[in-house]
Amino acid sequence: MSDPREPNSLPPKTVDPSLAAERLATPFTPLKITNFLDGSPQLTDRRRKLEALIIRDPSGVFSNEDNNYMGRTERHTRSIAKFVRLVELCRSAGVGADNGRNCTQKSAVQHIEGEIIHTPEFLTLAATISDDPMPTSLHWVMFVPNIMTLCDAQQQALWLPLCRDWKMIGCYAQTELGHGSNIRALETTATFLKESEGAAPGGEWIIHSPTLTSTKFWPGTLGKTANHAMVIARLIDGSGRDRGIHNFVVPLRSMEDHTLLPGVDTGDIGPKIGYNNMDNGWASFDNVRIPRRNMAMRFATVDEEGKYGRIGGGDGDAASKVAYITMMQVRAYIIHSSNEALAMACTIAIRYSCIRRQGYDADAEKKRNSNAPNEVQVLDYRQQQYRLLPLLAASYAIFFTGKHVLTRLKDIESQLVSGSTAITKTIVGDIHATTSALKSYATTFTADGIEDCRKACGGHGFLVASGLVELSQTYLQSCTVEGDNHMLPQQVIKVLLKLVGAVQSGDAELLKEYEPTDMNYLIKPLQDLVGSTSSQPTKSSFAFPTSAAETDFLDVSTLLRVFQHRTACLLLDVAVNLQSAMTTSTPQQAWNDSLLLMARTSRAHACYLLLRDFANGLNDERSNGSSSCLGKEEIGALTQCLTLLALYWMDQHLEDFLQIEALKPKHIPYLRKALLGVLTSLRPSAVGLCDARDFSDFRLKSSLGKYDGDVYPAIMESARKDPLNIRSKEGGVGLGYEAGLKKLIVGGVGEYHGQGKGRGVSGTMSRL
């Protein structure tokens, strides 16, 4: 059955009555939210047409129908075939042809003519394939961006055309077998060798893995796909001095026949929980020589005599900042992509919860007489609403925040690469704290949320055909990649503690540096708290009034304010605890003892940023008036999502708000009554908010989340396609019958004959 969102498709001839009723009762127009998410009605139409290129491609290579029955090797090789076909479609459609003409000389990062990988069309097509991840993805996610930001003009002129034409396919090789997040401890070396010492003209680098633990391990695309790697190694200059971590473009394989080059040893690291299309790899280097100019030289150079220097002099701030920003953009993409992963899971679970019925209505007899369903829709149960609707709300919050962070990072990168001095260490530290907090919390929340959606689908959620199993397994890597979620909060707190110090100093000029940052909301609460009390834990300077009622918990500005004060109080507790602990223990022990509180504080910071960006985004749309894609009803539904999410997080982390005394125990019934009221108000919008995400059945790959709600035939169809059924012999005889089961049923090997009564094995254990 066709999906009505595909171009030129007709609506399904039949839609499950429950879903049809849900859509009829939706109090807003889902398409308006779709247009907003895409950017405009025109962009929605453009995206749908691009998706149709994949869904209706006559080659059939993009089909995902047999994914659940394929082994890992077959999935990997077919994923490469899909990507090759994707590139063919891009070229035939002229994607990227306007890059060179549209890129101005003032642009800090130049996109060359014909490059497809950073065009919105390519990203839409890649997402539509819905067979994540493609083995080539690290090429455009990390390899090319590093060349564009860290390599000089001459290097870009040499390598970017090769990347554009897919002659050079790269990966980003940083993580080692023995070290991940601790970059300073990486062991791979790049030692300079002069021409007079036997190197090629101009000098060479010797890339070497001195130990087993220095083996590059985990980089995506490295195992079997990439022929080049952006290797992160310790630079040893001509004088033998260790200059720290730098980037080097290292050839891995021949560009003629893909064979490994001398001294390079790579392979795939093996099966993983998920993400198995990707050839995460290992690589070791045995004194591999590369040209001197294969070092990224936009901000640092080494001349033919091995002399190290910084471009423009100084202490290398520009290079370190740009490297930081490039890495943080990957983190920001992970944050932003979380919104789609969570929204997909919610779409499947909520649609199925409307179709699935369980338990009888008290008015069952009356409904039976009118031929109406007399079982209760699962989504009408409060616990199901509490499980799913906040997750749906969070998917929209993450959309707004992801969009904000990506825009901000692009602006910072552009200014840094163009040589602007406006980007201070404070701003770079702030965006580092923002992305660290959000990546840690949003990916954990999303991973847990996808699993909760699976559980909310009952037994059928355990089927791979539900789409939720692979979605969960594929997404899980996001909790570890680009910074382990339990380690990142430390990075957040290191930055936020500097703000505490600035507030404590009372230096007005110093505090001005924090005005353009995401943490500026903490300044006023901290100023109110610092020096006002020595009690621990810190008590909030803002609290709900004693007379607060249900309506007080429905005001968005009040909810935002209490989340601000929660972060400020927890942060100040961290600072005070550290200072106090260091009087009796070492700084390291004091830090270690504060890690749990740091994690709570980082979570509080992330929650506030998500709510703030959601609120700011909706306020912007209100201000845009008639020029906005969203009308009053759509903004109303999204505001209900914002309110629900804030109340849900307050309920989930109630101990934080009670500890800082922003809430009193007597407030809890009013908080929960308000939460219940918002669940009631949002319930009619649930399916519409899912439909607004505009996921085609092709992308969802779910028997439970189909747009037409035809769930049970889809489950049976999936079951019948299993090779265990298809390859059965005549009469439905299973494959294991002749070799094994027949011996039991017919051959009698399992018969019990008793001791000394004919054939068979005696039942006494002593004879074993």
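Given the structure is predicted, the values throughout are model-derived calculations rather than measurements.
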key: Full working for side chain to side chain contact (heavy atoms under 4.5 Å, CB included) between F695 and I348   = CA-CA 10 Å; F695 297 127; I348 294 169; over 6 Å; no
Test salt bridge (charged side-chain N to carboxylate O under 4.0 Å, His left out) applied to E88 and R85, step by step = CA-CA 5 Å; E88 290 177 343; R85 178 59 179 159; 3.2 Å; yes
Side chain to side chain contact (heavy atoms under 4.5 Å, CB included) between M278 and S137, worked out = CA-CA 9 Å; M278 174 63 74; S137 60; 3.1 Å; yes
query = Which is it for H118 and V144 under the side chain to side chain contact (heavy atoms under 4.5 Å, CB included) test, yes or no, and what are the steps along the way?
reply = CA-CA 10 Å; H118 292 117; V144 173; 3.9 Å; yes
request  = Begin with the C-alpha distance, continue with both residues' side-chain angles, and end with the deciding distance and a verdict on side chain to side chain contact (heavy atoms under 4.5 Å, CB included) for L342 and L391.
outcome  = CA-CA 7 Å; L342 186 55; L391 300 180; 4.3 Å; yes
Stepwise side-chain hydrogen bond (donor to acceptor under 3.5 Å, both in side chains) check, T124 with R48 = CA-CA 9 Å; T124 295; R48 289 176 171 180; over 6 Å; no
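Considering N64, T77, N277, D57 as possible partners of K82, the one that fulfils the side chain to side chain contact (heavy atoms under 4.5 Å, CB included) test is N64.
In this structure, CG in D694 is found 7.5 Å from CG in L31, a value given to the nearest 0.5 Å. Annotation: the span from H228 atom NE2 to M168 atom CE amounts to 3.5 Å, rounded to 0.5 Å. If you take CG on N280 and CG on L222, they are separated by 9.0 Å, rounding to the nearest 0.5 Å. One distance of note links OG of S337 with CG of N339; it measures 8.0 Å at 0.5 Å rounding. One finds the CD1 atom of I398 at 6.0 Å from the CG atom of L610 (value rounded to the nearest 0.5 Å). Atom CG of residue N485 and atom OG1 of residue T443 lie 3.5 Å apart, to the nearest 0.5 angstrom.
Every side-chain hydrogen bond (donor to acceptor under 3.5 Å, both in side chains) that D380 has, sequence neighbours left out, goes to R683. Residues satisfying the side chain to side chain contact (heavy atoms under 4.5 Å, CB included) test with I273, not counting sequence neighbours, are Q473, L476. Applying the side chain to side chain contact (heavy atoms under 4.5 Å, CB included) test to R356 and every residue at least two apart in sequence or in another chain returns Y352, V378, H460, Y712. With sequence neighbours left out, Y441 forms a ring-ring contact (aromatic ring centres under 6.0 Å, His included) with F445, W649. In this structure H486 satisfies the ring-ring contact (aromatic ring centres under 6.0 Å, His included) test with no other residue, sequence neighbours excluded. With sequence neighbours left out, the side chain to side chain contact (heavy atoms under 4.5 Å, CB included) criterion links F217 to L177, I269, W282. Evaluation of the side chain to side chain contact (heavy atoms under 4.5 Å, CB included) rule for P723 yields Y69, R727 as partners, not counting sequence neighbours. Qualifying ring-ring contact (aromatic ring centres under 6.0 Å, His included) partners for F462, counting only residues two or more places apart in sequence or in other chains: none. With sequence neighbours left out, the salt bridge (Lys or Arg N to Asp or Glu O under 4.0 Å) criterion links K216 to E176. For Y333, the ring-ring contact (aromatic ring centres under 6.0 Å, His included) test picks out no residue, with sequence neighbours left out.
With hydrogens and angles ignored, the 3.5 Å screen pairs no side-chain donor or acceptor of S63 with any backbone N or O of G60. In this structure, S718 contributes its side chain and A714 its backbone to no donor-acceptor pair below 3.5 Å. At least one donor-acceptor pair closer than 3.5 Å links the side chain of S395 to the backbone N or O of L392. Within the 3.5 Å criterion, the main-chain N or O of Q477 finds no donor-acceptor partner in the side chain of T480. Proximity of a side-chain donor or acceptor of R253 to a complementary backbone N or O of N227 within less than 3.5 Å is not detected. Side-chain N or O atoms of D697 include one that pairs as donor or acceptor with a backbone N or O of Y707 at under 3.5 Å.
Salt bridge status for K224 with D279: absent, with no side-chain N to carboxylate O gap under 4.0 Å. Using a cut-off of 4.0 Å between Lys/Arg side-chain N and Asp/Glu carboxylate O, E451 and R454 are scored as salt-bridged. Of the charged side-chain nitrogens involved, none lies within less than 4.0 Å of a carboxylate oxygen, so that E717 and K721 do not count as a salt-bridged pair. For R78 and D66, the salt-bridge test fails: no basic side-chain N is under 4.0 Å from an acidic carboxylate O. The existence of a salt bridge linking K701 and E470 is confirmed by a sub-4.0 Å separation between a basic side-chain nitrogen and an acidic carboxylate oxygen.
Classified by interplanar angle (parallel below 30°, tilted 30° to 60°, perpendicular above 60°), the ring pair F122/W140 is perpendicular.
Side-chain contact between H76 and T225 is present, with heavy atoms from C-beta onward closer than 4.5 Å. S696 is listed as a side-chain neighbour of I55, based on a closest heavy-atom distance under 4.5 Å. I350 is listed as a side-chain neighbour of L379, based on a closest heavy-atom distance under 4.5 Å. The shortest distance between side-chain heavy atoms of D45 and D38 does not fall below 4.5 Å. Within the 4.5 Å cutoff, no side-chain heavy atoms of V711 are placed close to those of K706. Contact annotation: the side chain of E482 approaches that of M142 to within less than 4.5 Å [non-hydrogen atoms, C-beta and beyond]. For the pair L682 and C641, the minimum side-chain heavy-atom distance is below 4.5 Å. Annotation: side chain of V15 is in contact with side chain of R23 (closest heavy-atom distance under 4.5 Å).
Taking all atoms of both residues into account, the shortest heavy-atom contact from T175 to G180 is CG2-CA, 4.0 Å. Here the closest non-hydrogen pair linking A229 and F143 is C-CE1, 3.9 Å. Contact record, S79 with P135: OG-CD, 3.1 Å, taken as the closest heavy-atom pair. Heavy-atom minimum distance, A341 versus T446: CB-CG2, 4.3 Å.
Geometrically, R693 engages Y396 in a cation-pi contact defined by less than 6.0 Å to the ring centre and at most 45° from the axis.
Sorted by first then second residue, the side chain to side chain donor-acceptor pair (under 3.5 Å) pairs that include residues 26-37, not counting sequence neighbours, are N35-T44.
Inspection of the R351 and S18 side chains reveals no N or O donor paired with an N or O acceptor under 3.5 Å.
For K403, the NZ atom is loosely surrounded, since the number of other residues' heavy atoms within 6.0 Å does not exceed 12.
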Throw together a table of side-chain donor-acceptor distances under 3.5 angstrom for residues 732-744, partners on residues two or more places apart or in other chains.
none

